[in-house]
There are 2 protein chains.
Amino acid sequence: MTAQDSTTGRPTARRRVVLSREAILEAAMRLCSPEGGGVLTFSRLGKELGADPTAVYRHFRDKDDLVLALTAMLIEEAEAQVDRAALSHDQWREWLTATARTVRAVHLARPALAVLAANRTTASPAETESVEEIIGVLHRAGLPPVEAAECYRMLIDLTLAFVQSTAAFLILEPEVQAKDDAAWAVKYGLLPAEQFPLLHAGSARLTELFRNDDEVFELVLETFLDGVGLKIERARSGG
Amino acid sequence: MTAQDSTTGRPTARRRVVLSREAILEAAMRLCSPEGGGVLTFSRLGKELGADPTAVYRHFRDKDDLVLALTAMLIEEAEAQVDRAALSHDQWREWLTATARTVRAVHLARPALAVLAANRTTASPAETESVEEIIGVLHRAGLPPVEAAECYRMLIDLTLAFVQSTAAFLILEPEVQAKDDAAWAVKYGLLPAEQFPLLHAGSARLTELFRNDDEVFELVLETFLDGVGLKIERARSGG
DNA sequence: ACCTGAACACCGTTCAAGT
DNA sequence: ACCTGAACACCGTTCAAGT
């Protein structure tokens with residue numbers, strides 16, 4: 001599916017392409033998805049744009065500038081996708097769950113970007129409004145503003161930390177991932193029940209959870225939110 | 001502190017150095033610490049060993065093989081450092097806290113390795129015994145084996161996810177880190193109190209927590225363990 | 001048996017040359 | 001004004017040559 005001249009049928013010779021920030025960002029986003037090959041390099045970006053790889057430097061100072069612009073796009077995409085309409089403001093738990101799941105899903109749709117973006121900070125206005133909203137939900141649930149801000153921070157860091165870890169594994173080459181599978185099989189495959197009675201009893205569940213980052217994240221999120229629920233109960237009875 | 005010929009005082013010319021797996025792993029560990037420069041490349045490894053960079057290939061099949069061997073070392077180091085002597089078996093919370101803190105600290109002492117190791121699996125016997133022990137502590141606290149195994153998995157994934165995120169930021173170049181600081185200042189520096197009343201009220205706390213990954217991790221760990229505590233209570237009253 | 005060093009395909013980035 | 005392409009300093013890795 002390479003670019004072709006529709007009149008001659010021959011591949012078009014590369015000639016001064018017109019680029020823009022938007023076109024570059026769009027092409028970069030495509031490259032970062034699993035279908036796009038999942039690697040972001042200037043070489044691949046140039047090929048995707050039909051331009052010389054170094055042409056990108058006329059629009060972004062360096063790769064990190066490009067990454068930060070892509071990070072901002074990702075955050076705004078996540079903001080736009082959180083389904084607030086279905087939620088009333090007293091459903092603090094559902095609200096936080098929806099936010100965490102959406103942020104995670106949007107990042108994991110582009111693992112090659114997520115691994116570069118998940119621990120960066122950008123000054124996105126859309127995000128600021130979302131933060132106020134989440135803190136508002138926690139405040140109305142009973143937490144004082146400072147504690148609500150703490151819980152917001154914990155939730156977002158928890159989510160992005162798991163994103164980074166999962167994304168970093170996803171971009172490893174298949175043969176490397178296979179080595180981890182093999183190591184796991186050795187580790188939990190033949191546990192002598194006498195020596196490791198409890199581990200042996202739980203090993204079926206551990207095997208289920210292995211390489212099942214979605215389910216582990218859901219479990220952690222629920223357990224964490226149980227802890228937040230305790231904070232809220234304490235704040236309500238204390239105040 | 002470069003190698004010198006003690007009789008002539010001149011730098012020794014590079015001549016067939018004798019290498020071993022142990023010497024290579026030791027040198028690699030040094031490179032991965034912040035003092036060691038914090039980057040693991042064959043070039044730097046060769047320089048550290050006083051040998052040609054490609055000599056390492058006579059002892060490890062490729063870089064990933066080296067990384068996995070280093071990962072196993074890291075896990076065993078963490079195992080050895082967890083202070084079990086001070087803990088009785090009924091202190092499930094202290095036990096889990098000590099494990100999480102130690103695993104995190106050992107990894108963050110080598111950020112350049114942690115970023116490669118935190119989401120990998122190795123078949124280390126020492127770790128298997130530690131897993132049995134932690135599951136045992138949770139079981140004695142009241143959880144059935146399967147739920148205990150789940151909690152172990154959540155704790156270790158939570159810890160390593162935060163490790164990966166923090167380590168990935170630590171190995172960024174200082175100028176890049178500075179960009180994040182600047183973005184944060186823009187984001188939370190001048191929040192109009194009318195528009196963002198709750199965020200404004202909590203912004204001092206958020207600023208305290210910014211780039212303070214140690215404290216955020218402690219807060220998340222406590223909240224998560226509160227959630228585990230609820231599971232234990234439920235299991236006790238239910239059974 | 002195992003270390004050396006040239007070589008290769010890839011990175012990000014710079015800069016003079018083109019249009 | 002902005003795209004091209006040679007060039008550079010780095011990556012990991014292979015392989016023939018040395019000892």
**Message:** For A/R44 and B/V56, find the nucleotide of DNA chain C closest to each by heavy atoms; which residue's nucleotide sits nearer the 5' end?
**Reply:**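 This one resolves to B/V56.
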Would you kindly give the [atom1]-to-[atom2] distance between [X] and [N], to the nearest whole Å?
X     : N      : atom1 : atom2 : result
A/R58 : D/dC3  : CZ    : C1'   : 7 Å
B/F42 : C/dC10 : CZ    : P     : 18 Å
A/F60 : C/dT13 : CZ    : C1'   : 16 Å
B/R61 : D/dT13 : CZ    : P     : 9 Å
B/D52 : D/dT19 : CG    : C1'   : 14 Å
A/K63 : D/dC11 : NZ    : C1'   : 13 Å
A/L45 : D/dT4  : CG    : P     : 12 Å
B/H59 : D/dT13 : NE2   : P     : 16 Å

**Asked** So B/F224 and A/F224, ring-ring contact (aromatic ring centres under 6.0 Å, His included) or not? Walk me through it.
**Response** CA-CA 4 Å; B/F224 168 77; A/F224 168 76; 8.7 Å; no
For [N], which nucleotide is its Watson-Crick or G-U wobble mate, given both distances must be under 3.5 Å?
N      : answer
C/dA9  : none
C/dA17 : none
C/dC3  : none

**Item:** Closest contact, heavy atoms only, A/A55 versus A/L19
**Value:**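 So the minimum-distance heavy-atom pair works out to CB-CD1, 3.6 Å.
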**Item:** Shortest side-chain distance from A/V17, nucleotide among D/dG12, C/dT4, D/dT4
**Value:**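 The nucleotide sitting nearest to the side chain is D/dT4.
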**Closest listed nucleotide, where the reference is the side chain of A/D62 and the choices are C/dT13, D/dG12, D/dC2** =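 Comparing C/dT13, D/dG12, D/dC2 against the side chain of A/D62, the answer is C/dT13.
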**Request:** Apply ring-ring contact (aromatic ring centres under 6.0 Å, His included) to B/Y188 and B/F210, showing your working.
**Result:** CA-CA 10 Å; B/Y188 292 107; B/F210 175 64; 8.4 Å; no
**Asked** How is B/T54 classified with respect to the nucleic acid when contacts are heavy atoms under 4.0 Å: base, sugar-phosphate, or nothing?
**Response**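 If one applies the 4.0 Å heavy-atom cut-off, B/T54 turns out to touch a base.
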**Message:** Once you apply a heavy-atom cut-off of 4.0 Å, does B/L40 come out as touching a base, just sugar-phosphate, or nothing?
**Reply:**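 Since only primed, P, OP1 and OP2 atoms lie under 4.0 Å of B/L40, the category is sugar-phosphate.
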**Message:** Run the salt bridge (Lys or Arg N to Asp or Glu O under 4.0 Å) test on A/R110 and A/E35 for me, step by step, so that the C-alpha distance in whole Å, both residues' side-chain angles and the decisive distance to 0.1 Å come before the verdict.
**Reply:** CA-CA 9 Å; A/R110 276 83 162 203; A/E35 314 88 65; over 6 Å; no
**Item:** Verdict with supporting geometry, A/K179 and A/E173, salt bridge (Lys or Arg N to Asp or Glu O under 4.0 Å)
**Value:** CA-CA 10 Å; A/K179 277 206 270 184; A/E173 282 157 34; over 6 Å; no
